[in-house]
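A note on names: the letters A, B, ... follow the listed sequences, proteins ahead of strands, and every chain is numbered from 1.
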Amino acid sequence: MSAISYSDVNADILRTLERPKPAYFLLLIGFVTAFAIGVISWAIQIDVGLGLSGISHPIGWGFYITNFVFWIGIGHAGTLISAVFFLTRAPWRAPVYRAAEAMTVFAVMTAGLFPLIHIGRVWYGYWLIPYPNQRMLWTNFKSPLMWDVFAVTTYLTISVTFFMLGLIPDLASMRDSARGIRKFLYSSLALGWNYSYQQWLHYARGYLILAAFAAPLVFSVHSIVSWDFAMAMIPGWHTTIFAPYFVAGAIFSGLAMVITIMVPLRVVFDLKKYVTDHVLQSLARVILFTSFIVGYSYCTEFFIAYYSGVNFERAIFYFRPFGEPGSGLPFYPEGQMGFAQIAFFIMFFCNVISPLPLWRWKVRNNAIALFIISILINIGMWFERFNIVVSSLSHDFNPTLWGTYIPTPVECGITLGSFGFFFTMFLLFTRAMPTLAIAEVKEMLTPPYRQANHDHVPWREYATERSEDKD
Amino acid sequence: MADGIRRRDLFKVIAAGGATTAAIAACADKPEKLIPYLLPPENIEFVPGMPLDYATTCMECPANCGMVVKTREARAIKAEGNPDHPINQGALCMRGQASVQTHYNPARLQTSMQRDGETWKQIPWDAAETAFANAIKAVGNKSQIVYMTGNASGTRGGFLDKWLSAMGASPKLVLDPLGQHNIKAANQLTFRRAEIPQYRIDQATLLVNFGAEFLETWLNPVENNRLYTTMHAYDDATKRKGRFVQVGPHVALTGANADHWIKAKPGSEPLIVLALAREVLSRTHGRAVGADRDRLTSYLEPYTLERAATESGAEAEALRKLDDDFAKAEPGLALAGGNLVATTEGTQFQIAVNLLNYVAGNVGRTVLFGASRQIDLSSSHAEVEAVVKRMQAGEVKLLIVDGANPLYHLPASSQIAGALDKVPTIVSLSSAWDETTSKAHLVLPGATFLERWGDAFPQRGVYSLVQPVMATYYPDVKAAEDTLLSVSAKLGDATFKATPTYRDYLRQAWQQVQKEVGASGDFEAFWRTSLQKGGVFRTVSFSSSVRLNPDALSGKPGVAKIAGEGLVLLPTVSLRHRDGRGASNPWLQEICDPVSQVVWGSWADINPVTAKKMGIAHGDMLRVKSPMGEVELPAYLHYGVHEDAIAIPMGEGHTHSGRNADGYGINVLDLLPNAADPQSGEFAYLTTRVQVERTGKPGYLVQLDHSPRQLGRGIIQTQTVEQARAGENTEEHDPEEMKHGHPYFDFYPLREDQTPGYHHTYRWGMTIDTERCTGCSACVAACYAENNLAIVGKTRVGLGREMPWLTIERFIEGEGDSFKALMQPMLCQQCGNAGCEPVCPVYATYHNQEGLNAQIYNRCVGTRYCSNNCPYKVRRFNWFNYEWEAPLNMQLNPDVTVRSKGVMEKCTFCVQRIARARRTANGEGRDLRDGEVTPACVQTCPTKALTFGNLADPNSAVSKKAMRGRNEQDKRVRQYEVFPSLKQHPAITYLRKVTFEPINQEA
Amino acid sequence: MRKPFKGLWASFPYLDDAATVAAKLQQDGSDYSVLSPCPRHELYEAMGRPTSRLPWITLVFGALGIFFGYGFPSWTALDWVLPVSQKPIVGIPAFTIIGFELMVLLGGISTALSVVLLGHFELFRHKLPHSPAFKAYNRFSNDRFGIVVRCEEGDAAAMEQLMRQYSAEEVVREF
């Protein structure tokens, strides 16, 4: 990247904020419509009742919780890249992390909607918040759902903070170049950032600490989400591998979504020289890795179900791939395939088989191939969550009260709406903020030196140790 | 305003009476005086919010059980059995429980109407009566007036006869397709006693049943259930258990309870009966029959066991074993009824059964005559048919229907439809819309039996009273009897001058009763106490010595002739709708048939083997064709039906009985020929074969069960009678473990110190004896009635959104003819270590001090996590705001919240009843006594399979049954909890079913 | 109270020059600030590896979070005892999650806020020019390094000479 100078960076990135192509608006309209469909479907559901969704007895959780887990999972890549890879000093992080962080924020916002959508009396949703009410009746902190409330809100707050903190210097540099109302907005958001080193000092330190906080959060949040299931006694839920299994899955799907977003982005804004193939390739490597963890977890589940010898466990893991258990009764056909089996096989193909081509360098370096695989992975991961949530519930302890799942238009509409919401937010973001971190990209460039020879460090002769705190 | 009026009627209604079972005064006339609700007059024991109970008699079926109806603010809200009543002893069947819905039936006739053309014109009541009177006047030849009623119990029959003769009309017809004329005729022929004997099932040690659905509808099912379990259920103390063998082509609820099912060709059973008689006779050397021995021997000669076996297709071995047992039985009992005797040789069949009982010496021991049971007062099919013929001939000018529905209850082949069209005037005194009333010209709506006076004499010594428990719900509604009385008055007839109202007539009749029972004192006191008790109950001894009538041996019963091609059509009597009355009660539609688990509609039981041959799959839509007609209904693959037969339940397929009945299922009577048994005149509905074919359409069959197998999960456990007698608990437990208060070792022992407020004074618990449970589903209906459970309809049940808190679970073990259908109630287990509680984020469910999983509806936000985490899946979620179609909402129990959309609900052992009882106890400054609280399900169980009480008290009945290790001598034999490995510590202990042959429950 | 800015500022196209100047100023112990488009270790070294007080703030708030995370649920559980399925009323393992989340929450927010606030407090100690010229100059956010020196008019000449010596692009005196 030595070819690029500091001023190029500003030029290139600020250019992305200029008037977009009409294609942009077409996309925007599309996603806004999808969002609108979702909103209307939800309104109808609130009015008529949850019976409009495919959820029923005994399957108390369906599409909505599936979507919740799916979006939370998407929301993991951003913080993973920006925090964990910041701490590990991954060289390819800088160009992708801003977009990834934005993705995280919007994904978590989307996810946050679903617990509300799925509860029976959304108008009392605020009862889930421990606030002092007339009777001083508090919430049950032993409930995994309560843990969720805290985990998700914390995660959202921290990722937003992290996001905004990273934005401050860039907002300042946009303030300097912008004029009119934009100038006012940016400068108010820049919080009076001047590039003095005293500020850089606290900034660097604070950013490091925040990263150190966010890193464990990445792993904790999805572990806690997984405990929603693992804490219940439903066969297929009640296992100890869920936390790592979910986290790996989350990173897996999240990074896939990053690729899904970055590939078109770098074309549209022609940022190829920053978001290089190398960057995508490194993402692909992590995807391949996590795909193997996920695949391994699938196998472990089956093995443990067999090895435990528990009737219920074995039954559910027989049911997932092979369908209804053998009964010897002519009116209860054995191996009857249904929603669960479809979900299972889609999941297995997309998450375990489809990433395998990434072993080849050629595929990893081919943006199109990566894009396709990433889409497959997103689909697969959605079905993984569906498989976990629904098929386990449909065949639990009491065989006479087993059930099947029939999706309905309303819940499909709401699911569509969630994608609409997410991409609308992201598109707006690309217009309003730099999709690449200007300052951090500059950090990676070779700084302008008068002496060509970089080993010549004149300041070393004068440099003296001192502490800011001496006065 | 209407409310106000009814409320004021209340004070007339309860003008007198005791607090708990109150007697009441006449309510025929409307009150004049306005009484403010807030200050009730002194002479009325009425406290707003306190229930008032009225003793009366159930009129849902001819069995006439005693009933206590609970009213709140002048609304009948719950029907329960009358504990003082000798026949049902406090229990009710599901139809009895649902009688309040008959009362609040949305399809009730609300006002007097006159037909003009195709539409109805509302006319004032008086005008309607005048029109009625004129209609009678108009008929020249008064014998052309015909009166059809559905009920002639007690005094009513006599009253109708008197009224009709006064009018000069032809004698009344009492319609009931399920009469018992065969039994009467047979007994007349065999023993010269034209009556229904008392079957002392409880006395028998072996019960052989030929098709009588005695646990469902036959005679008095509530009584039968009680007697049957007394005989059959394993008794832990005496270690005795009776045997019950079912012979016949079909297994419904009754058959499912049998220890052994001998499959026989439909119509061939008489041969088996006689073969048994023959063998028993030869084994016992005719000990029982004395002089009749030779006559019988020669008569029974041709009926060899081999012949029976070959002709019926039953294994000879099984038959031999059976007659062996029957000969040994001390005593045994053979029953026949239901569709098996509904052939044209039904009487011969019953005679054969009589002979069997006679030669085995059961007559006088388990078959008692002289009880003069009035369970069937119906006119024979022959009589009805004669009248239908007269109608067709246009010899009937005026037809009065009153609770009778000939258009539905007579087979289409009887041409009843055409016959009705020929009748110029039809007057309906029925209380609700039905097929016949929809054809009427004049309607004077009758009152339901909760609004009118009446009585019933089910058997000798039992005089049961019917009294209004509330004023007529609609102002323009009047008891049929009173209508008749005022009409006769209008016609200037003097017969009833002394008794202007039916109440007066009844009182007059009961002065006679007072004499009969020899009650001294003045009549008023007698009347008052009778009303309070719900009648007069005397134990009368009667001689039942009978001798065999040689003429009985004239017949030569063989295999009943069943005409036509294809499969034999077995119309079965529906447990839920009987012959079709009460089909408009949503409860009875939505509570599943326990064996098939089907709701809302008809199905056709067909044997899997036959189905395979015909390429029929479960749920396929079938076209069933007979010479008389054809119907379409879904197939139900069922091992419990003969390969050569197809069984279809009665009672569905209404067209004008309100939207809860119309359009659901089909009326099997449409397929039947208009046949009758020549000897008894009984309607013969097992007389035709039908062509069955697939329509190719998928049938819409909604079942509550998903997997019929329990996959070795030990939900319904069984053990053999040997194991039970040996006192071995089929799951072995280390006595050390028993010390935990439950038999399963806890890795983390209970930390009650950590959870303050646990189980103060009470730990409510229940035991369910699956050995006693016959699956009659009365408890389910009771739960619906007590707890305002919503009715969701067929499609929503199909999606798994049914709302029962208590369901009868059915699992099938084994295959082919040796299959076994196990049933047991499943309800909230009120776990001590419940999965549902900790997962609720808002404490909407928690463990209260009395050990209940309290469910706080108004705190619930509806995450449904609790339901997911409930291994028994007994929690129900309100997917919508469910509505109670008016006036069904009047039945809602004010003590129980009506749950709104988005809220989880579940059983809490009828916590409202616990609270009410505790209030009383606290008022008296004491703790609750054992048995003082009974949840609705426990209260109505005819077989006492459920026991409820305080587990914290080691001496309570429930603790003694549950054997939770609190008593030193506790030794668990049949006790088990469901899913013990999940460590939920359920408060419900099940008692294993005891079987003669071991039942393989491996996965 | 606001002392008017006294001193001069210069912009450098090259990082090594700016760093050397900074190092010299640091050595002389004169009151200066460095401006740069992005943090660079060269400047950091030149300025003698200054440190920040910020981690202490984070520590305090993080600890506070943990305390509330355990304290609040325990108090609410005891305030109105509602037993759920034989779980201990005060379930420490369950509350650990709340504790962790609140630690991250408070710690994180406090960190972000103190980054901004501390950055502003620095301005009281190390003033920047208020002149329109300085405000109008927006290349520090782009590709120029800046050095601001607060000094008396007397030393100005020496200072400017130092800047120029390291090829300062432009030097502006403000008195």
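Within the 3.5 Å criterion, the main-chain N or O of C/S36 finds a donor-acceptor partner in the side chain of A/W200. For C/D17 (side chain) and C/Y14 (main-chain N/O), no donor-acceptor pair under 3.5 Å exists by modelled atom type.
For the atom pair CH2 (A/W147) and CG (A/N140), the distance works out to 10.0 Å, reported to the nearest 0.5 Å. Taking CD1 of A/I438 as the reference point, atom OG of A/S173 lies at 3.5 Å (rounded to 0.5 Å).
Counted by atom type alone, C/T58 and C/T111 present one or more donor-acceptor pairs between their side chains at under 3.5 Å. A donor-acceptor contact under 3.5 angstrom links the side chains of A/Y186 and A/R182, judged on distance only. Under 3.5 Å, the side chains of C/S11 and C/Y137 contain a donor-acceptor pair of N or O atoms. Side-chain contact of C/S30 with C/D28: a donor-acceptor pair under 3.5 Å is absent, judged by distance alone. A side-chain N or O of A/H202 and one of C/E122 form a donor-acceptor pair less than 3.5 Å apart.
Residue-level contacts of residues 94-108 of chain C with chain A, in order of numbering, are C/A94, C/F95, C/I97, C/I98, C/F100, C/E101, C/L102, C/M103, C/V104, C/L105, C/G107, C/G108; threshold 4.5 Å between heavy atoms. Within residues 163-174 of chain C, the residues having any heavy atom less than 4.5 Å from a heavy atom of chain A are, in residue-number order, C/Y166, C/S167. Contact annotation for residues 142-151 of chain C against chain A (heavy-atom separation below 4.5 Å, listed by residue number): C/N142, C/D143, C/F145.
Contact count against chain A (heavy-atom pairs under 4.5 Å) is highest for C/L35 among C/L35, C/I57, C/V116.
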Quick one, C/F67 with C/Y70, criterion ring pair (Phe, Tyr, Trp, His ring centres under 6.0 Å). Give me CA distance, side-chain angles, the key distance, then yes/no. CA-CA 6 Å; C/F67 173 74; C/Y70 282 101; 9.5 Å; no
Could you list the donor-acceptor pairs under 3.5 angstrom formed by side chains in residues 127-137 of chain A, with sequence neighbours left out?
{"from": "A/N133", "atom 1": "OD1", "to": "A/M136", "atom 2": "N", "distance (Å)": "2.9"}
{"from": "A/N133", "atom 1": "OD1", "to": "A/L137", "atom 2": "N", "distance (Å)": "2.7"}
{"from": "A/N133", "atom 1": "ND2", "to": "A/L137", "atom 2": "O", "distance (Å)": "2.8"}

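Between A/K273 and A/D12, at least one side-chain nitrogen of the basic residue sits less than 4.0 Å from a carboxylate oxygen of the acidic one, meeting the salt-bridge criterion.
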